[in-house]
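Okay, so here's the structure we're looking at.
Throughout, protein chains are lettered first and strands after them, A, B, ... in sequence-line order, and every chain is numbered starting at 1.
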There are 2 protein chains.
Amino acid sequence: MGTTQLETVPEPKYWHLKTVLSNALDSEFAVGEILPNERDLAARFGVARATLRQALEQLELEGRLQRRRGVGTTVAPPRMGVAVGDSRQVWPGAVADPWQTLGSTSGDVPAAVVRLLAPATGEAVYTVRRALTTDGQPVAAELLYVPAGSVPELTGDENAATAPGGATALPAGGAARARSVLRELHRLELDGQERTVELGSARADDARALDRLPGAPVLVVTTRYLSAGRTAAVSVATYRADTCRLTFGDAAPDLLAS
Amino acid sequence: MGTTQLETVPEPKYWHLKTVLSNALDSEFAVGEILPNERDLAARFGVARATLRQALEQLELEGRLQRRRGVGTTVAPPRMGVAVGDSRQVWPGAVADPWQTLGSTSGDVPAAVVRLLAPATGEAVYTVRRALTTDGQPVAAELLYVPAGSVPELTGDENAATAPGGATALPAGGAARARSVLRELHRLELDGQERTVELGSARADDARALDRLPGAPVLVVTTRYLSAGRTAAVSVATYRADTCRLTFGDAAPDLLAS
DNA sequence: CAGTGGTCTAGACCACGCT
DNA sequence: GCGTGGTCTAGACCACTGA
């Protein structure tokens with residue numbers, strides 16, 4: 001009886017707006033072009049600025065737009081492919097590794113990492129900071145956790161106090177020290193590696209390294225390096241979710257470029 | 001001279017709020033517990049509801065909370081690990097494949113997929129819809145694109161009109177038809193597969209399948225199946241970014257559970 | 001300095017899930 | 001019907017960038 005509800009799922013304004021803008025981006029804008037500012041755009045579409053921003057946020061999340069405070073909103077280039085795992089499994093910092101070793105930090109070791117490392121009680125952990133950039137653009141920031149047991153040659157001089165109940169971070173050092181950690185790590189045989197990928201939001205330090213605001217969406221890649229039946233190292237890498245696409249397998253990244 | 005700016009990076013309210021809530025979730029709430037409603041929470045923290053919502057959105061993005069319209073906000077369980085690629089590479093729909101084959105749809109073939117398939121001009125494409133659920137919860141929705149050339153035995157009865165300049169979708173069918181497409185596909189030898197992972201937002205149909213609102217964050221996994229030097233099929237799978245963590249490699253998903 | 005995006009407010013109404 | 005989260009408004013001020 002009642003009137004058959006004819007096509008009335010009132011699509012949210014911001015959703016419709018996003019579609020309209022998306023089409024406009026495809027047909028009327030070139031990569032790098034600057035859009036009108038938010039107040040003008042909102043007025044043009046007859047919506048409040050908050051509503052327009054909801055649409056822009058979606059488009060930025062999808063990598064279609066790039067917004068920068070004090071500058072404006074520009075049309076983003078297609079996401080770049082970033083090789084994360086290829087067939088040959090190697091230690092971080094091996095030859096031809098595009099990551100840049102920055103140094104070793106002295107932060108806490110997150111509980112989740114401690115769980116993966118399953119270190120001997122109170123065993124110290126080296127923390128190496130690395131960064132990945134492409135064409136001058138920051139792409140990813142990584143923290144590599146190496147328990148002292150994986151690099152026995154380094155335990156000579158500076159022994160950190162062993163805290164009960166958890167891994168202790170070793171004192172910070174320069175890039176030279178970080179590289180020596182990697183060098184020692186390479187003496188081990190790499191038996192395999194396991195990875196997980198999940199969505200996260202950038203912490204304050206990652207945000208700075210990635211040239212984004214805190215809370216920006218990132219893809220968190222956690223890698224567990226296995227050697228002799230034990231976890232020799234754990235890497236937590238955060239990739240800018242807006243600008244890059246992770247590639248796995250033997251694909252040349254360009255093959256899947258859009 | 002000038003007063004050294006002492007610790008004044010005015011942290012946004014929503015960011016601070018997120019931290020406070022996050023700690024509260026760790027210490028004072030159990031998984032599944034319902035939080036006070038947004039209006040009460042906002043009043044309790046002395047902020048506008050919109051500001052509180054910004055903090056809740058972040059926490060939901062990180063998989064800490066689950067919000068459902070008409071119901072409330074609950075504490076989410078830890079993300080579940082979902083195996084995406086293991087060492088042995090197999091066709092979709094092989095034995096022990098946990099995906100459920102739903103049927104074949106008749107939608108358009110996205111331009112990005114056409115580029116990967118590189119089909120003969122106007123070659124028709126089968127589209128198979130599948131879904132993955134764990135413990136009754138929808139986890140992922142997949143569209144598998146199979147060019148007619150990959151399953152020659154099926155081209156007998158219904159030939160779609162070949163449109164110029166692009167791949168044509170074949171008419172829809174039931175789960176039985178979809179399964180026959182998979183069966184035929186298995187006759188090919190799988191030479192390898194390439195994957196990409198990127199952040200996306202759920203389209204209307206995916207949102208329905210995943211029991212989320214349109215625009216919800218999803219992890220889009222694009223897989224290219226290679227056989228005899230050619231792309232035999234392309235799968236585009238969208239995973240709920242809030243509830244799952246993709247696992248690669250030989251890891252048992254539980255090993256990396258948080 | 002002017003102009004941009006980022007944050008925040010205090011309201012209003014709507015769509016949905018339950019009971 | 002009632003309470004929930006989802007959408008939307010019209011303003012205000014702030015933080016940052018670049019001329």
- Item | Contact letters for nucleotides 4-11 of chain C, in which S counts primed atoms plus P, OP1 and OP2 and B counts the base, heavy atoms under 4.0 Å | BBBBSB--

Just jot down the side-chain contact (heavy atoms from CB on, under 4.5 Å) partners of [X], sequence neighbours excluded, or say none.
{"X": "A/D108", "value": "none"}
{"X": "B/P217", "value": "A/L199, B/L61, B/L199, B/A241"}
{"X": "B/D206", "value": "B/R129, B/A141, B/A202, B/R203, B/T238"}

- Scan for side-chain hydrogen bond (donor to acceptor under 3.5 Å, both in side chains) pairs involving residues 25-36 of chain A, sequence neighbours excluded, and state none if there are none.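 Qualifying pairs, neighbours excluded: A/D26-A/R64.
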
- Message: Can you measure B/L41 atom CG to D/dT4 atom C1' for me and round it to whole angstrom units?
- Response: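 Spelled out: CG on B/L41 to C1' on D/dT4 is 13 Å.
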
- Mind calculating the distance between CG (B/L65) and P (D/dT4) to the nearest angstrom? 16 Å

Hey, can you pull the donor-acceptor pairs under 3.5 Å for the side chains in residues 66-76 of chain A, sequence neighbours left out?
| unit_1 | atom_1 | unit_2 | atom_2 | d |
| --- | --- | --- | --- | --- |
| A/R67 | NE | A/E60 | OE1 | 3.4 |
| A/R67 | NH1 | A/E38 | OE2 | 3.1 |
| A/T74 | OG1 | A/Q66 | O | 3.4 |

